[in-house]
**Q** 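Provided herewith is a single structure, encoded as structure tokens, for subsequent inquiry.
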Protein chains: 2
Amino acid sequence: MDTPQRLDEKVSTEEKFKEAARTVFMKKGYAATKTRDIAEEAGLNLALLNYYFRSKEKLFEIIMIEKVQQLFAFIAPVFNDKSTSLDTKIDLIATSYIDLLLKNPDLPLFVLSEIRNNPERFSKNVQLETSILKSYFVRQLGEKKIDMNPIQLFLTFLGMLVFPFIVRPVFQVTGTINENAFNQLMEERKALTAKWMKMILE
Amino acid sequence: MDTPQRLDEKVSTEEKFKEAARTVFMKKGYAATKTRDIAEEAGLNLALLNYYFRSKEKLFEIIMIEKVQQLFAFIAPVFNDKSTSLDTKIDLIATSYIDLLLKNPDLPLFVLSEIRNNPERFSKNVQLETSILKSYFVRQLGEKKIDMNPIQLFLTFLGMLVFPFIVRPVFQVTGTINENAFNQLMEERKALTAKWMKMILE
DNA sequence: GTCTATAGAGGGATAGAC
DNA sequence: GTCTATCCCTCTATAGAC
């Protein structure tokens, strides 16, 4: 996904647009983003955007597929690893997912709100990762707590990890918690989430 | 907030616009909403929208203040009730907040994504409820677990309640869980959340 | 591939009649 | 208060020169 670039090498025009599109789409959302904003952010001529990507919509789809992959598919291998125990998976996922989100704090809210604002787009063009609910991890949850729908456990686990990043904009606007303090809380949260999740499963 | 209307009484034009605006803004978000959509939804003339509310922006602010109130301020009394124990508060909040969200499932994602897409609007015009983090409930959490930042506990509790409604659009688009099944899960979740939260606090 | 210029549609807002 | 007609700016997209 990351194409490494030597410092003296030129980044392609196409890639400059994609990078600018990531920035602007993530910041404002699809509808509020103007193609002019993207061209300006990229430092490139507006007409080139259509030359490379045909339309705003098509460029957005490219970025969106990337982001959905990041959010859903990134952890699929861990979820489906049959050689690791439930407890090991909990530890691994808690750590790696919070690390992912610390690098991309806006990712969940961006993806989820775009799905919500325009569900048609996603039923048609973007393949969402539905297999997570049928993953080996969820089956392991179901075997541990046979008296409960494993989705309840799954939602709780994912919520512990993701929810703080969903409400982050409120912290930012109100100034309640600054960025460093938030990141520190999330680092602590890796171990807390794993501990709590195991308690719930006892 | 709810102005009761007799069935034979006419709903005011202004209220028709507000009701239509709630529907359309909540469905598409601010940026993707056209004033023409709102007028059509209301079954009213477009020019009247500006007559009553001056601008799309002003109408949106009215709706948004309502929604923020619903989401944040609704449970403030319970949070700050000094006469109830921590366990009682947990039971009460779990039940009443899930009830609130079952009636307004799109509320959290709508409010949070609008804050994210345009934080400037909220730092200026809409007063966000920041006092929750200083509420009596959060203090009670801190006294129970003195070795931990109470925000961690608060985020976990709220995440258990709210997060399922945040990911609901994914369920809808993929068809994994239908509306009835989701609502059923949330009913069960009232007791589960309370039980789990108390376990974590032991 | 990259630019300038502009077509063409959309959308917020208002003028002015009733 | 409510309507029709329309202004006018913004935005996506393309034509066509270089």
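Every chain is numbered from 1, with letters handed out A, B, ... down the list of sequences.
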**Q** Nearest-Å distance, CD (B/Glu57) to P (C/dA13)?
**A** 9 Å
**Q** Can we call the ring centroids of B/Phe25 and B/Phe60 under 6.0 Å apart?
**A** yes
**Q** Please state how far atom CG in A/Asn50 lies from atom C1' in C/dA5, giving the value in whole angstrom units.
**A**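 From A/Asn50 CG to C/dA5 C1': 14 Å.
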**Q** Is the ring pair A/Phe182/A/Phe171 parallel, tilted or perpendicular, if the boundaries are 30 and 60 degrees?
**A**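 Geometry flag for A/Phe171 against A/Phe182: tilted rings.
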**Q** May I have the distance from B/Arg54 (atom CZ) to C/dT14 (atom C1'), rounded to whole angstrom?
**A** 10 Å
**Q** Whole-Å distance between D/dC11 C1' and A/Tyr30 OH?
**A**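 From A/Tyr30 OH to D/dC11 C1': 12 Å.
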**Q** What contact category does A/Arg36 fall into here, base, sugar-phosphate, or nothing, at under 4.0 angstrom with non-hydrogen atoms?
**A**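 Since a base atom lies under 4.0 Å of A/Arg36, the category is base.
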**Q** Report the nucleotide, chosen from C/dT2, D/dA15, D/dT12, that has the shortest atom-to-atom distance to any side-chain atom of A/Lys56.
**A**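 Given the options C/dT2, D/dA15, D/dT12, the side chain of A/Lys56 is closest to D/dT12.
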**Q** Would you indicate, yes or no, if D/dT2 has its OP1 or OP2 atom less than 4.0 angstrom from a side-chain nitrogen or oxygen of B/Thr13?
**A**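 Yes, within the criterion.
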**Q** For the atom pair CG (A/Leu141) and CE (A/Met197), what is the distance rounded to the nearest 0.5 Å?
**A**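 One finds 5.5 Å between CG of A/Leu141 and CE of A/Met197.
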**Q** Rounded off to whole Å, could you give me the CG-to-P distance for the B/Leu44 and C/dA13 pair?
**A** 17 Å
**Q** Does the salt bridge (Lys or Arg N to Asp or Glu O under 4.0 Å) test come out yes or no for A/Lys67 and A/Glu114, once each step is laid out?
**A** CA-CA 11 Å; A/Lys67 296 297 177 188; A/Glu114 291 296 338; over 6 Å; no
**Q** Rounded to whole angstroms, how far apart are OH on A/Tyr51 and P on D/dG16?
**A** 17 Å
**Q** Given atom CG of A/Asn45 and atom C1' of C/dG1, what is their separation to the nearest angstrom?
**A**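 Atom CG in A/Asn45 sits about 11 Å away from atom C1' in C/dG1.
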**Q** Look at the side-chain N and O atoms of A/Thr35 and state whether any lies under 4.0 Å from the OP1 or OP2 oxygen of D/dT12.
**A** yes
**Q** May I have the distance from A/Leu48 (atom CG) to D/dA17 (atom C1'), rounded to whole angstrom?
**A** 14 Å
